[in-house]
Colleague: 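Here's a structure for you.
To find a chain, count down the sequence lines: A is the first, B the second, and so on, and within it residues start at 1. Heavy atoms only: backbone and side chains are in, while hydrogens, waters and symmetry mates are out.
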Amino acid sequence: MKWLDNWFTKGTRRIARNTSRRDFLSRVGVAMVGTAAIPLLPVARASAAESPRAPQPAEEGDPLSCEYWRHCAIDGYLCGCCGGSANSCPPGAEPSPVTWIGTCRNPVDGRDYIISYNDCCGKSACGHCLCNRNEGDRPVYQPAKSNDINWCHGTKTNIYHCSTSVVLGLAVAD
Amino acid sequence: MKWLDNWFTKGTRRIARNTSRRDFLSRVGVAMVGTAAIPLLPVARASAAESPRAPQPAEEGDPLSCEYWRHCAIDGYLCGCCGGSANSCPPGAEPSPVTWIGTCRNPVDGRDYIISYNDCCGKSACGHCLCNRNEGDRPVYQPAKSNDINWCHGTKTNIYHCSTSVVLGLAVAD
Amino acid sequence: MAAALLTWCALAQGVAAESPAPLVAEQIGVAKLGAPTPHWLFVGDTNFLGYLDSKVYLFDGDTGAMLGMLSTGVWGNAVELAPDFSAIYVPEMYYSRGTRGERTEVLTTYDTTDLKPMGEVIIPAKRATGIPHRAYQGITDDGRFVLIDNMTPATSVSVVDVVAQKFVAEIEIAGCNLVYPTGNRSFASLCGDGTLQQIELDDHGNLKSRTRSEKFFDPDKDPVTEKASRFGDTWLFISFDGNVHAVDFAGGTIKLTKPWALFNDVERKATWKIGGGQFNAVHNQTGRLYVIVHQGGPYGHKESGKDVWVYDLATHKGVAQIPLASPASSIGVTKDAAPLLVTSDPAMPGAVVYDALTGAHQRTIEGPPFTPASIQSP
Amino acid sequence: MAAALLTWCALAQGVAAESPAPLVAEQIGVAKLGAPTPHWLFVGDTNFLGYLDSKVYLFDGDTGAMLGMLSTGVWGNAVELAPDFSAIYVPEMYYSRGTRGERTEVLTTYDTTDLKPMGEVIIPAKRATGIPHRAYQGITDDGRFVLIDNMTPATSVSVVDVVAQKFVAEIEIAGCNLVYPTGNRSFASLCGDGTLQQIELDDHGNLKSRTRSEKFFDPDKDPVTEKASRFGDTWLFISFDGNVHAVDFAGGTIKLTKPWALFNDVERKATWKIGGGQFNAVHNQTGRLYVIVHQGGPYGHKESGKDVWVYDLATHKGVAQIPLASPASSIGVTKDAAPLLVTSDPAMPGAVVYDALTGAHQRTIEGPPFTPASIQSP
């Protein structure tokens with residue numbers, strides 16, 4: 001994850017120093033969405049996508065339990081307990097295109113994976129299966145790695161409903 | 001209380017039968033405020049009034065307990081637990097000029113008193129000292145005697161904060 | 001950037017070539033509701049400690065799984081379901097500053113496949129609020145008009161044409177209150193003097209005629225509660241003392257019938273009483289009435305009960321007594337041939353599911369709903 | 001009618017002439033707040049199960065009595081108190097349809113005698129939300145400007161002139177976040193690269209200058225939490241591993257100092273760690289730092305603790321260990337010479353009050369607040 005994190009802080013700082021505020025805000029907005037959203041689809045495609053509710057073959061454990069390996073840095077209500085799943089929002093909720101990212105180890109293959117904790121937005125608190133795990137969680141001045149932040153950004157509203165744990169790919173140490 | 005109740009139902013029905021809808025609504029609005037508000041002060045004066053927070057000499061018991069004699073038909077959060085008292089709203093809340101009315105017996109003098117359960121309005125639920133006693137409570141088609149109704153009517157908003165139990169006077173059987 | 005990522009993923013997977021194939025990258029999706037079943041349960045959450053944020057939860061009664069949720073604004077009461085379940089209608093109230101500012105009320109229409117709002121109709125900002133009551137709103141039998149009870153405290157009913165998606169009329173019901181649909185173009189309201197009135201609507205939803213019944217209960221000695229159940233063309237109004245007043249609205253008339261008692265003398269002596277929120281429900285197919293009962297003193301008409309007694313509506317005889325797993329204030333019975341009995345209590349988050357025919361406890365659904373009220377099914 | 005009533009009352013009282021005088025008719029009133037004391041406690045209620053309906057409760061720490069309440073909209077975070085307690089400022093967020101529609105954000109000013117809104121200033125609809133953080137907002141030392149942290153996720157700070165009651169400026173803090181007031185015209189923000197920046201404002205509240213510190217902590221190996229405490233001109237930033245980075249902002253400069261450790265080797269071996277929400281607080285008069293601690297594994301930086309350890313900020317030595325009556329996530333210490341230590345935990349409604357000098361448990365205040373967060377005092 002370091003490469004991503006360094007890119008983020010260095011990148012944004014560099015922009016900050018050389019541009020006016022308005023110019024900055026627009027560009028960093030883009031830059032950050034780019035950063036956190038690299039491995040994500042645009043919302044439009046995401047919503048259209050079939051949502052694989054079942055875990056993948058090489059996984060084990062209960063996706064509705066806070067201890068499920070993917071939830072290692074989650075903070076919120078599990079969407080799987082709210083009508084969605086570990087990688088799909090409940091009906092009528094809108095996935096956040098921007099998100100925070102954790103690294104969790106899959107006990108089945110012993111590999112570290114990048115997990116994207118997209119929030120589902122547009123309905124108030126689901127209230128079921130509240131989980132708070134903080135492996136690799138960072139303070140909110142490192143937004144891309146902070147689970148305290150309401151990530152309902154870039155969505156129609158910032159009303160938080162529940163959280164997902166989406167596998168983005170293998171984590172590679174640098 | 002019968003006289004009041006009969007007046008209310010007969011009175012409103014009579015008006016209903018002889019007038020157009022718009023005319024009716026305006027007049028009944030007035031009539032009912034008149035009905036329930038007879039023994040009450042206009043809001044303006046009420047708000048200005050000193051609020052006697054202590055019970056009167058001829059009372060005993062804990063005004064913050066659901067068992068307190070005045071609360072015999074209350075349904076809601078006791079304002080005395082919310083920054084007000086049995087006969088005053090908490091700071092910033094607005095007393096409802098319209099209300100439901102119960103009859104409770106004061107154990108000290110053995111007399112029946114008319115109690116006005118004015119709601120305090122304009123702030124969301126206080127959440128403290130929830131009481132529900134239903135002595136003499138009637139269904140909502142008898143509004144003047146129903147504690148199910150949100151009586152934040154005639155106030156700036158219908159947002160309910162807590163309930164009071166105000167002594168209006170002696171009840172007289174007819 | 002996307003291209004770069006692909007390279008980086010491929011590389012990563014190459015590195016791990018020996019061991020089993022790594023998990024594939026996923027795309028986040030949005031779930032849709034499956035085909036509705038008669039055991040779907042809409043449970044209203046007044047959320048009393050935060051009632052500006054009321055909700056309606058949708059559960060599958062057969063599994064207990066939460067299927068979805070609606071946010072229903074301030075003072076949420078219940079939903080109205082289109083007879084063909086093509087839409088969900090919800091009266092919603094909002095203030096521009098939460099507890100201050102401008103009050104706006106709407107009837108919102110939600111899609112039954114994705115629970116998204118499809119549209120809203122502005123209605124008079126007068127809706128009756130407080131403790132939820134099923135009869136604070138209703139829908140005509142054909143699903144054309146949604147009826148919303150108003151109290152300012154002057155009482156009236158707002159009529160919304162949900163097909164045309166427009167507000168039609170406000171009909172005053174002075175001295176009366178509440179909405180009990182009685183057909184495609186009519187509803188009844190209970191009155192403070194022990195009568196009821198039936199309002200007939202024209203095809204546009206405007207007032208066509210108003211019929212008044214004779215006095216059929218004593219509002220002072222033994223009032224009927226406002227929590228009634230419908231059995232075909234008949235509404236069953238149950239009194240504080242447990243007397244059932246069945247009123248038949250077939251053919252647009254009001255036919256009063258002789259009240260019958262839920263409790264015999266022995267049961268009365270044992271202080272058995274009705275009580276709760278929506279303490280009664282009917283299963284039309286079997287013609288059975290379900291009533292939450294408890295033992296206790298006077299003024300117990302809102303007390304929860306630990307038992308549900310079941311009556312045959314043909315014989316008026318008790319046919320079953322169901323001891324509950326936990327106290328209940330409100331109940332609902334699903335409409336199908338293998339009905340569920342579902343109970344809720346504002347003092348206990350969640351809902352409890354029983355077999356309505358055997359009374360067997362099937363499951364307890366954990367809350368939220370935090371302070372559950374209405375229980376409704378397709 | 002009023003005249004009729006008087007006759008009727010007089011008559012009634014005449015009837016009961018023999019027995020003691022009946023109770024007199026009362027007038028409903030509206031309570032006002034008394035003179036503020038240093039032990040008044042503003043406890044924020046995020047109300048997570050109904051966060052559209054967030055609140056701030058005001059309690060008297062000496063009696064536990066609730067004195068009043070503010071409704072603070074969606075995602076309530078904390079209040080700002082004028083230094084002379086002449087006003088309470090609250091950033092509030094609203095949607096025109098609760099969870100949908102137009103988003104409006106305001107800074108509302110409340111009267112400190114009757115808790116009524118006196119006015120509001122519209123601010124950019126960008127406020128950072130989620131888990132509450134004290135440093136998501138602040139007020140300049142002279143009470144002139146309220147500072148509100150924005151995240152879209154691009155970060156900036158909104159500046160509101162509360163004297164003129166107008167929004168002044170949005171100042172970007174790219175790569176940094178949060179608001180730590182450092183004087184009448186300045187504040188600091190923490191940055192993702194282990195530095196901080198100080199923003200100086202002109203007399204109108206616009207950006208005057210920006211100063212950047214050297215890197216003073218390692219954001220990867222041992223980041224400081226965003227939950228800091230102020231001691232005079234110094235802000236104390238405490239790291240995950242319990243190292244205290246004191247940064248002195250006296251005279252508009254940024255003076256970094258050598259970090260010191262809350263835990264010695266023995267304590268580290270015993271896995272003592274910091275953790276919680278606002279897990280630390282300072283009592284300026286005695287120069288003491290209060291820290292919630294617990295024993296546990298890695299990633300415990302948000303775990304509640306059953307103990308509060310007290311440190312002398314002059315010697316950096318531990319001077320007291322306070323076992324708590326119940327686990328705490330956040331603490332506050334009142335400003336007076338007989339300070340109260342107040343704890344809250346989102347898992348336990350209410351708040352708990354201790355003597356901050358002796359650690360003696362004084363009282364537990366029952367909730368709501370349902371999910372308490374911030375604790376603030378005049």
Colleague: Looking at side-chain heavy atoms only, is the closest gap between A:V166 and C:Q27 below 4.5 Å?
Modeller: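 Sidechains of C:Q27 and A:V166: no contact.
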
Colleague: Given that the side chain runs from C-beta out, which part of A:C82 has a heavy atom under 4.5 Å from chain C: side chain, backbone, both or neither?
Modeller: both

Colleague: Side chain, backbone, both or neither: which part of A:A93 has an atom under 4.5 Å from a heavy atom of chain C?
Modeller: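 It is the backbone, since no side chain atom gets that close.
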
Colleague: Any donor and acceptor pair, going by atom type alone, linking the side chain of C:E26 with main-chain N or O of A:L168 inside 3.5 Å?
Modeller: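 No, C:E26 side chain to A:L168 backbone: no donor-acceptor pair under 3.5 Å.
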
Colleague: Which region of C:L33, side chain (C-beta onward) or backbone (N, CA, C, O), has a non-hydrogen atom less than 4.5 Å from a non-hydrogen atom of chain A, or is it both or neither?
Modeller: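 Looking at C:L33, backbone and side chain both touch chain A.
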
Colleague: Under a 4.5 Å heavy-atom cut-off, does chain A meet the side chain of C:L70, its backbone, both or neither?
Modeller: both

Colleague: Taking it one step at a time, do C:M66 and A:C126 satisfy side chain to side chain contact (heavy atoms under 4.5 Å, CB included)?
Modeller: CA-CA 10 Å; C:M66 176 175 169; A:C126 154; 3.9 Å; yes

Colleague: If you apply the rule side chain to side chain contact (heavy atoms under 4.5 Å, CB included), what do you find for C:I28 with A:C89, and how did you get there?
Modeller: CA-CA 8 Å; C:I28 189 165; A:C89 290; 4.3 Å; yes

Colleague: Quick test of your reading of the model: are A:E94 and C:K116 salt-bridged, counting only N-O distances below 4.0 Å?
Modeller: no

Colleague: Which residue out of C:Y57, C:F59, C:F370, C:Y110 racks up the most heavy-atom pairs below 4.5 Å with chain A?
Modeller: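 Counting heavy-atom pairs under 4.5 Å, the top option is C:Y57.
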
Colleague: Looking only at heavy atoms, what is the nearest atom pair of C:A31 and A:G83, with distance?
Modeller: CB-O, 3.5 Å

Colleague: Looking only at heavy atoms, which two atoms of A:W69 and C:L23 are closest? And how far apart?
Modeller: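 Nearest pair, atom of A:W69 first, then C:L23: CZ2-CD1, 3.3 Å.
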
Colleague: For atom CD of C:E366, decide whether the heavy atoms of other residues, nucleotides or ligands shown that lie under 6.0 angstrom number more than 12.
Modeller: no

Colleague: Side chain, backbone, both or neither: which part of A:S124 has a heavy atom under 4.5 Å from chain C?
Modeller: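 Contact with chain C involves both backbone and side-chain atoms of A:S124.
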
Colleague: Would you say that C:V30 contacts A:P95 through its side chain, given a criterion of any heavy-atom pair below 4.5 Å between the two side chains?
Modeller: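 In contact.
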
Colleague: Any side-chain heavy atom of A:K123 sitting closer than 4.5 Å to one from C:K55?
Modeller: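 No, every pair of side-chain atoms sits at 4.5 Å or beyond.
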
